[in-house]
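Ligands are counted one by one from 1 in listed order, and the atoms in each one are counted from 1 as well. Because the structure is a prediction, the values reported are computed rather than measured.
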Amino acid sequence: MAARILSGKEFAAKIKEAAGRRAAALCAAGVHPRLAVIIVGADPASEVYVRNKRKACEELGILSDHIALPAETTKAELLACIDALNADAGVHGILVQLPLPAQIAASEEEILRRIDPRKDVDGFHPVNVGQLAIGAPGLRPCTPAGCIRMLEYAGIPIEGARAVIIGRSNIVGKPMAHLLLERNATVTICHSRTQNLAAVAREADILVAAVGRPRFVTADMVKPGATVIDVGINRIAPKQLVGDVDFDAAAEVAGAITPVPGGVGLLTVAMLMENVVQAAQAQMEQGGVEG
Ligand code: GUN
């Protein structure tokens with residue numbers, strides 16, 4: 001059986017189209033949505049991700065500020081930069097690209113907490129994490145939110161489905177579990193200490209791989225007909241990216257599967273655009289925002 005390939009490009013285009021329409025409506029109302037992206041140092045992968053975010057902003061008529069800080073930036077300097085953006089009513093979204101350089105990596109949580117939760121378009125601030133956990137409105141992390149939107153657009157049922165997530169990160173695994181639960185899936189999170197991982201994974205109607213290990217999910221871990229969402233992006237050679245799923249073999253068993261590249265990564269950027277317009281709209285409605 002050959003699986004349906006869930007093209008990130010196709011679903012990202014739908015998300016961006018809707019975000020672009022909302023951005024235009026905000027502009028017409030006198031508010032020009034604006035994202036500030038802070039990148040510290042010159043991590044090559046981060047530079048590619050940030051470039052893609054800026055390109056998407058340009059495409060949709062969203063303003064973007066690119067703030068490139070030197071690798072040796074101190075925590076105090078980065079916090080001061082965030083404070084200035086928090087105070088700027090013309091900036092609606094703030095994103096600090098991760099990972100941070102070694103001297104400030106240990107302070108990541110403190111740095112992310114400093115972003116005004118209303119401008120936290122990554123959805124990483126504890127306020128937004130808490131809002132998600134209790135099912136209240138807030139900015140949702142882009143990657144898992146993009147995966148959910150893709151399932152909805154693709155007509156893949158979530159309610160009542162057995163969902164298994166491999167990986168328990170704050171960026172993907174945990175928020176993905178909340179988002180699936182919110183939509184009435186039965187959710188299991190697996191991690192490095194999970195016993196009989198393959199057997200648990202094989203129970204999934206929706207299997208999400210977010211472990212950061214190349215081709216970790218093999219065909220024997222996939223239930224025939226399951227939907228497989230591959231969140232991994234692993235560089236195994238200078239010009240070769242692979243996901244966390246052994247794509248060719250898993251595609252023989254799955255009912256639907258996302259490719260890497262060309263899958264979830266594109267959805268992340270698209271959802272970021274949606275979060276920026278959502279943040280701009282909320283700030284406009286609350287007052288104190290400038291276009
Ligand atoms: N680094 C890798 N993925 C992400 C993301 O979604 N947001 C931020 N800020 N940094 C990242």
Under 3.5 Å: N or O atoms of ligand 1 paired with protein N or O:
unit_1: ligand 1; atom_1: 1 (N); unit_2: Gln97; atom_2: NE2; d: 3.2
unit_1: ligand 1; atom_1: 1 (N); unit_2: Leu98; atom_2: O; d: 2.9
unit_1: ligand 1; atom_1: 7 (N); unit_2: Asp122; atom_2: OD1; d: 3.0
unit_1: ligand 1; atom_1: 7 (N); unit_2: Asp122; atom_2: OD2; d: 3.3
unit_1: ligand 1; atom_1: 9 (N); unit_2: Val96; atom_2: O; d: 2.8
unit_1: ligand 1; atom_1: 9 (N); unit_2: Asp122; atom_2: OD2; d: 2.6
unit_1: ligand 1; atom_1: 10 (N); unit_2: Leu98; atom_2: N; d: 3.0

Under a plain distance cut-off of 3.5 Å, with no hydrogens placed, do Arg4 and Thr227 share a side-chain donor-acceptor pair? no
Does this structure show an ion pair linking Glu17 with Arg21, if we count only N-O contacts that are shorter than 4.0 Å? yes
Are Ser192 and Arg168 close enough that some pair of their side-chain heavy atoms sits under 4.5 Å apart? yes
Cationic N near anionic O, under 4.0 Å, Arg113 to Glu109: yes
Does Arg183 have any salt bridge (charged side-chain N to carboxylate O under 4.0 Å, His left out) partners at least two apart in sequence or in another chain, and if so, which? Glu152
Within a 6.0 Å radius of atom CD on Gln195, are there more than 12 heavy atoms belonging to other residues, nucleotides or ligands? no
